[in-house]
Amino acid sequence: MTRIFVYGTLKRGQPNHFRMMDAANGKAEFCGSAQTAEAFPLVIAGKYNIPFLLNVPGTGRRVRGEVYRVDAKMLAFLDDFENCPSMYQRTAVRLVAGDWTEPDGPAPGTGLEAFVYSTTAYQPDSLKLPMLENYDAYGSHGLVYALRESRQ
């Protein structure tokens, strides 16, 4: 099982979370909440209002999200879903644990490592967009996320 840090539409309560829970895609177990140890730019961009984590460590804010343990099948699904490696790259990131559900998991405030999907393939103007600490597709930003199935 591999640890994955999700920060956008795959989190609980977000529009693509159902994909993480679909057994046909593989197995995903929620571990707990976490925050990046370093700042990163998390922006909403493009005509579909997609949350992008730009791979520019030290810029932006410390990003909050969730950690899952996924099997090889789910990891392959996520690589495909995130268009990895052409659009997103799966890289290791240092995190600080929040509330954890696994009994043998890290204590709050403890460091850990997981993979994250971030990108170096972004428009230069993306760094001028508002940088978020926590993404919510239904947030006050008013930028409605378009599910893949509804995109033209």
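Atom set for the values below is all heavy atoms of this structure, side chains included, hydrogens, waters and symmetry mates excluded.
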- Indicate yes or no: does E29 engage R69 in a salt bridge with an N to O separation below 4.0 Å. yes
- Ignoring hydrogens and angles, tell me if any N or O in the side chain of N49 forms a donor-acceptor pair with the backbone of V144 under 3.5 Å. yes
- Flag this pair as yes if the NZ/CZ of R148 is under 6.0 angstrom from the six-membered ring centre of Y48 and inside a 45 degree cone about the axis; otherwise no. no
- Does R19 come within less than 4.0 Å of E149, counting only side-chain N to carboxylate O? yes
- Among K11, R61, R62, whose side chain to side chain donor-acceptor pair (under 3.5 Å) with N134 holds? K11
- Query: Cluster question for you: counting only ILVMFWY and a side-chain heavy-atom cut-off of under 4.5 Å, with indirect links fine, are Y138 and I44 together?
  - Reply: no
- Task: Measure up the F52 and Y88 rings against each other and bin them: parallel (under 30°), tilted (30 to 60°), perpendicular (over 60°).
- Result: parallel
- Task: Only counting residues at least two apart or in another chain, list the ones meeting side chain to side chain contact (heavy atoms under 4.5 Å, CB included) with A37.
- Result: R94, V96
- Item | CD-CG distance between Q123 and L129, expressed to the nearest 0.5 angstrom | 10.5 Å
- What is the minimum heavy-atom distance between F5 and T36, and which atoms define it? CE2-CG2, 3.8 Å
- Are Q14 and D136 close enough that a side-chain donor and a side-chain acceptor fall under 3.5 Å? yes
- Task: Using the side-chain contact (heavy atoms from CB on, under 4.5 Å) rule, pick out the option among L112, T110, V63 that qualifies with L95.
- Result: L112
- Task: Measure from the ring center of Y7 to the ring center of Y135 and say whether it is less than 6.0 Å.
- Result: no
- Item | Expected output: side-chain T119 to main-chain L54 donor-acceptor under 3.5 Å | no
- State, to 0.1 Å, how close T120 and Q89 come at their nearest heavy-atom pair, and which atoms those are. N-OE1, 3.2 Å
- Item | P130 versus V43, closest heavy-atom pair with distance | O-CG1, 3.6 Å
- Query: When rounded to the nearest 0.5 angstrom, what is the spacing between OH in Y68 and CE in M1?
  - Reply: 12.5 Å
- Flag side-chain contact, heavy atom, 4.5 Å: S118 against F40: no
- Message: With a 4.0 Å cut-off on N to O distance, would you call R12 and E66 a salt bridge?
- Response: yes
- Can you find a pair of side-chain heavy atoms, one from V70 and one from R3, that are under 4.5 Å apart? no
- Are S33 and V67 side-chain neighbours, meaning at least one heavy-atom pair lies under 4.5 Å? no
